[in-house]
Amino acid sequence: MDANVGDVVLPGDLLTITNSDNRRKAILGPGLRLNLDQVLITTCGVLRKKDPNIYWVDCYRKRYIPAKGDTVVGVVVNKSGDIFKVDIGTSEQASLSYLAFEGATKKNRPDVQVGDIVFAKLLMAVRDMEPELVCVDSYGKKGKFGILPEDGFIFSCSLNLTRKVLNPECRLLKILGKEIPHDIAIGMNGKIWVKARSVKATIAIGNAILAAELLTDEEMIAMCDSVINSVVGMQD
């Protein structure tokens, strides 16, 4: 069955792209896979498009499927030779080389321990192969990636919520950040790490993010005001 933007789709449906130029330049996001000259739907949801040529399936799920270029939050669970194994919530652990850090050499190895939380980017994500992570940007610089501080708080949420919070139009973190200073790392794998100046503020931000999933903009603003008042009131 052919599917158009806005349709409710099922696995096995075909994405219809009428313009031949757009078909060649189309960028396929989550829920879509290229099979020969056809674009197959691989998950249930609503077919979405972002101009000019980005397509994906919007769905509610917690199981993460690795995609090249995604930023993820993971936990180092093992070390095998020069490779660290990182749990990013997929069926298979991701690999992270000690050379995947800025300035890393054989003599200057990064201090990575089992149990550390890392914010990284997926360098390779191919079906039936182990995902590969790096902690540098496209210029080889650390940037926002690397080992996250130990005294932060990490929690899991739906993939739909991470996309909502990362949307530039979402005001949640902007409102909270003005009154409650904090650091945050949001992974496309449904893992979020946050750290504020106090444990109460950190937990309050985490709870606010989880509560925002099904709220409208007006309800979200009211919820943020309530959280800010409770945290600031305790600090005073």
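Below, each value reflects all heavy atoms present in this structure, side chains not excepted, and no hydrogens, waters or symmetry copies. For the single chain, residues carry numbers from 1 onward in sequence order.
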TODO: Report the C-alpha distance between I154 and V73 in whole Å, list the side-chain angles of each, state the deciding distance to 0.1 Å, and finish with yes or no for side-chain contact (heavy atoms from CB on, under 4.5 Å).
DONE: CA-CA 9 Å; I154 184 172; V73 175; 3.6 Å; yes

Could you walk me through whether V46 and D7 pass the side-chain contact (heavy atoms from CB on, under 4.5 Å) check?
CA-CA 6 Å; V46 180; D7 290 347; over 6 Å; no

Should L40 and L14 be marked as a side-chain contact (heavy atoms from CB on, under 4.5 Å) after you check the CA-CA gap, both sets of side-chain angles, and the distance that decides it? CA-CA 5 Å; L40 291 178; L14 298 176; 3.0 Å; yes

After noting the C-alpha distance and the side-chain angles of D116 and V75, does the key distance pass the side-chain contact (heavy atoms from CB on, under 4.5 Å) rule? CA-CA 6 Å; D116 285 346; V75 180; over 6 Å; no

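Between S158 and E213, the closest heavy-atom pair is OG-OE2, 2.6 Å. Closest of all the heavy-atom pairs between A104 and L99 is O-CD2, 3.7 Å. Looking at every heavy atom in both residues, A196 comes nearest to T202 through N-OG1, 2.9 Å. Between C157 and L210, the closest heavy-atom pair is CB-CD2, 3.8 Å. Smallest separation of non-hydrogen atoms from L148 and A185: CD1-CB, 4.1 Å.
For the pair I228 and L176, the minimum side-chain heavy-atom distance is below 4.5 Å. Contact annotation: the side chain of Y64 approaches that of D70 to within less than 4.5 Å [non-hydrogen atoms, C-beta and beyond]. Taking 4.5 Å as the limit, some side-chain heavy atom of H182 sits within range of a side-chain heavy atom of L173. Residues M124 and P131 are not in side-chain contact: their nearest non-hydrogen atoms beyond the backbone lie 4.5 Å or more apart. Side chains of T90 and P66 form a contact here, defined as non-hydrogen atoms less than 4.5 Å apart. Side-chain contact between V77 and Q93 is present, with at least one heavy-atom pair separated by less than 4.5 Å. By the 4.5 Å heavy-atom criterion applied to side chains, Y98 and F84 are counted as neighbours. Within the 4.5 Å cutoff, the side chain of M220 has no heavy atoms near those of the I175 side chain.
A salt bridge links R163 to D58: at least one charged side-chain nitrogen sits closer than 4.0 Å to a carboxylate oxygen. Ion pairing between a basic and an acidic side chain is recognised when a charged N comes within 4.0 Å of a carboxylate O; D82 and R109 show such pairing. In this structure, D151 pairs ionically with K195, as a charged nitrogen and a carboxylate oxygen lie closer than 4.0 Å. Taking a cutoff of 4.0 Å between a charged side-chain nitrogen and a carboxylate oxygen, E92 and K85 do not qualify as a salt bridge.
Connection of V136 to I88 is not established within any shared hydrophobic cluster, with ILVMFWY side chains joined at heavy-atom distances below 4.5 Å, either directly or through further cluster members. In the hydrophobic cluster analysis, where Ile, Leu, Val, Met, Phe, Trp and Tyr join through side-chain heavy atoms closer than 4.5 angstrom, I203 is grouped apart from I184. Under the 4.5 Å side-chain heavy-atom criterion for ILVMFWY residues, no single connected hydrophobic cluster contains both V72 and F119. In terms of hydrophobic clustering, with Ile, Leu, Val, Met, Phe, Trp and Tyr side chains grouped at heavy-atom distances under 4.5 Å, V114 and V118 are assigned to different clusters.
When atom types are taken as modelled, the side chain of D13 and the backbone of L10 share a donor-acceptor pair closer than 3.5 angstrom. Side-chain atoms of K142 never come within 3.5 Å of backbone atoms of F101 as a donor-acceptor pair (strictly under, hydrogens ignored).
Considering CD of E130 and CD1 of I83, their distance stands at 8.0 Å, rounded to 0.5 Å. A distance of 10.0 Å separates CD1 in I117 from CZ in F153, rounded to the nearest 0.5 Å. Distance CD1/I221 to CG/L215: 11.0 Å, rounded to 0.5 Å. I186 contributes atom CD1, which lies 8.5 Å from atom OG1 of T71 (distance to the nearest 0.5 angstrom). From D183, atom CG reaches atom CZ of R197 across 10.0 Å, with rounding to the nearest 0.5 Å. One distance of note links CZ of F145 with NZ of K121; it measures 5.5 Å at 0.5 Å rounding.
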